[in-house]
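Every value quoted in this text rests on a predicted model; they were computed, and no experiment measured them. Only this structure's heavy atoms are used, side chains among them; waters, hydrogens and symmetry mates stay out.
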Amino acid sequence: MTVPPINQERIGNAVVITLNDPDRLNPIGLNTRIHLSNALTEAEENASIRAIILTGAGGNFSSGGDISAMDAPMRVKRTNFEHVKLLANQITGASVPVIAAVEGWAAGAGMAVAMLCDTVIAGKSARFMAAFPKIGLMPDYGLLASLPARIGQSRARQLMLYAKPVDASKAESWGMVDELVNDGRALESALNLAKHVETLGPEALRAIKAFDSGRLDRAIDYERDLQPLFLGSENAKEGRAAFFEKRAPKFKTN
């Protein structure tokens, strides 16, 4: 029996959506995006849901995109970005708060998805990394817009340009993490916040969340036009090979 890439669980007023491929640190490929999108649609259509929580199984949020599935034709890559845009807009445009409960790694697309959420709660050992340049890619999932909105353009540029990991303490001080908790308690804290949401007016929250999505759309359209070219480049192929072979990549400069 095929294990679904996500789990859904209703807990009180919240739905908990868990990325569920712990052996591979919960990568986010096309199949996972489709399941996530369907789960978010179901939550949006259920008026009794007051909060959505995104988390990962096995002690990690997500290692990022599914590198094993990145060698696809250009047409498929561009189509995939329509799914990316849909998912990003579902997270930012949800009528209820979306909370990321992060333990362990949130890297690449995993970090980008967390940055789309309204609130990021992280365990003290969590680590964040905009790892895209390590495999010859630019940031995606709207990170070009969402990260500067959270931490400012200068710090965001340092993270995206140099792909260095950031620990949870620094991430909190910069504004990437909204609440820092003991390891293993991120989901519990997210559920407590979801419970608090019941005391707030749903129409008011919906209006706050709906205010501005324009920057995100522009960022993802930019990614859609350029990222497929990077995905098919020799440097990206070298980056993927180096990742699987656990060595430093040898990128060409022309």
Side-chain angles (χ1 to χ4, degrees), residues 5-6 8 15 17 19 26-45 52-54 56 61-100 106-120 128 130-133 135-151 153 156 159-160 176 206 208-233 236:
I6 67 167
Q8 294 171 251
V15 60
I17 303 173
L19 300 171
N26 308 315
I28 304 173
L30 176 59
N31 189 40
T32 301
R33 284 198 299 273
I34 291 171
H35 279 79
L36 270 174
S37 180
N38 291 340
L40 290 166
T41 297
E42 290 177 17
E44 188 68 19
E45 292 174 348
I52 298 168
I53 298 171
L54 301 182
F61 187 74
S62 172
S63 59
D66 188 350
I67 296 175
S68 66
M70 288 183 179
D71 192 12
M74 178 72 72
R75 174 182 55 80
V76 174
K77 292 168 184 172
R78 289 183 62 85
T79 300
N80 284 348
F81 268 87
E82 295 306 316
H83 292 284
V84 169
K85 187 173 184 177
L86 171 62
L87 179 60
N89 279 312
Q90 284 180 292
I91 294 172
T92 59
S95 61
V96 300
V98 182
I99 306 163
M111 171 179 161
V113 166
M115 293 301 101
L116 292 169
C117 296
D118 299 297
T119 302
V120 178
F128 299 81
F132 305 93
I135 54 172
L137 301 179
M138 64 180 286
D140 53 27
Y141 284 83
L143 193 66
L144 290 167
S146 63
L147 189 59
R150 271 192 165 269
I151 68 173
Q153 186 63 50
L159 288 181
M160 291 188 286
M176 294 168 62
R206 188 177 300 116
I208 293 168
K209 284 183 57 64
F211 177 68
D212 180 22
S213 62
R215 286 179 301 174
L216 179 68
D217 282 346
R218 289 194 296 273
I220 295 179
D221 286 345
Y222 181 70
E223 297 162 6
R224 178 201 60 204
D225 291 339
L226 292 182
Q227 190 78 299
L229 302 176
F230 293 136
L231 283 164
S233 70

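Nearest heavy-atom pair, Gly108 versus Phe132, reported as atom, atom and distance to 0.1 Å: C-CZ, 3.3 Å. Taking both residues in full, the closest heavy atoms of Ala39 and Ile6 are given as CB-CD1, 3.8 Å, listed atom of the first, atom of the second, then distance. Residues Ala112 and Tyr141 come closest through the heavy atom pair CB-CB, 3.5 Å. Shown here for Ala114 and Val120, the closest heavy-atom pair between the two residues is O-CG2, 3.3 Å. When all heavy atoms are compared, the tightest approach of Ser62 to Pro27 is OG-CA, 4.1 Å. What you find for Ser95 and Arg206 is that their closest heavy atoms are CB-NE, 3.4 Å.
With sequence neighbours left out, the side-chain hydrogen bond (donor to acceptor under 3.5 Å, both in side chains) criterion links Asp140 to Gln227. Annotation: side-chain contact (heavy atoms from CB on, under 4.5 Å) contacts of Gln153 (sequence neighbours excluded): Pro148, Arg157. Among residues two or more places apart in sequence or in another chain, the side-chain hydrogen bond (donor to acceptor under 3.5 Å, both in side chains) test is passed with Thr32 by none. Listed by chain and number, the residues in a side-chain contact (heavy atoms from CB on, under 4.5 Å) with Ala88 are Leu116, Leu216, Ile220 (sequence neighbours excluded). Checked against side-chain hydrogen bond (donor to acceptor under 3.5 Å, both in side chains), Asn38 has no partners two or more places apart in sequence or in another chain. The side-chain contact (heavy atoms from CB on, under 4.5 Å) test applied to Pro133 returns Ala163, not counting sequence neighbours.
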_side-chain contact (heavy atoms from CB on, under 4.5 Å) assessment of Leu144 paired with Tyr222_ = CA-CA 9 Å; Leu144 290 167; Tyr222 181 70; 3.7 Å; yes
*When you look at Thr92 and Lys209, which way does the side-chain contact (heavy atoms from CB on, under 4.5 Å) test go after all the steps?*
CA-CA 7 Å; Thr92 59; Lys209 284 183 57 64; 5.7 Å; no
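Between Arg224 and Asp221, at least one side-chain N (NZ, or NE/NH1/NH2) sits under 4.0 Å from a carboxylate O, which counts as a salt bridge.
Distance check: Met138 CE to Leu229 CG gives 10.0 Å after rounding to the nearest 0.5 Å. Atom CE of Met115 is separated from atom CG of Leu159 by 9.5 Å, given to the nearest 0.5 angstrom. Separating the CG atom in Leu36 from the CD1 atom in Ile28 is a distance of 6.5 Å, to the nearest 0.5 Å. Note that CG of Leu54 is 11.5 Å distant from OG1 of Thr119, once rounded to the nearest 0.5 Å. Note that OG of Ser146 and CE of Met111 are 7.5 Å apart. Values are rounded to the nearest 0.5 Å. Rounded to the nearest 0.5 angstrom, Leu147 CG and Met160 CE are separated by 5.0 Å.
Side chains of Ile17 and Leu40 form a contact here, defined as non-hydrogen atoms less than 4.5 Å apart. Two residues are said to be in side-chain contact when any heavy atoms from C-beta on lie closer than 4.5 Å; Ile52 and Ile99 fail this criterion. With contacts defined as side-chain heavy-atom distances shorter than 4.5 Å, the pair Asn26/Ser63 does not qualify.
The backbone N or O of Val98 sits less than 3.5 Å from a side-chain atom of Asp118, completing a donor-acceptor pair. Using modelled atom types, one side-chain atom of Ser233 and one backbone atom of Phe230 make a donor-acceptor pair closer than 3.5 Å. Within the 3.5 Å criterion, the main-chain N or O of Val15 finds no donor-acceptor partner in the side chain of Gln8. Within the 3.5 Å criterion, the main-chain N or O of Leu87 finds no donor-acceptor partner in the side chain of Ser37. Side-chain atoms of Glu44 do not come within 3.5 Å of backbone N or O of Ala94 as any donor-acceptor pair.
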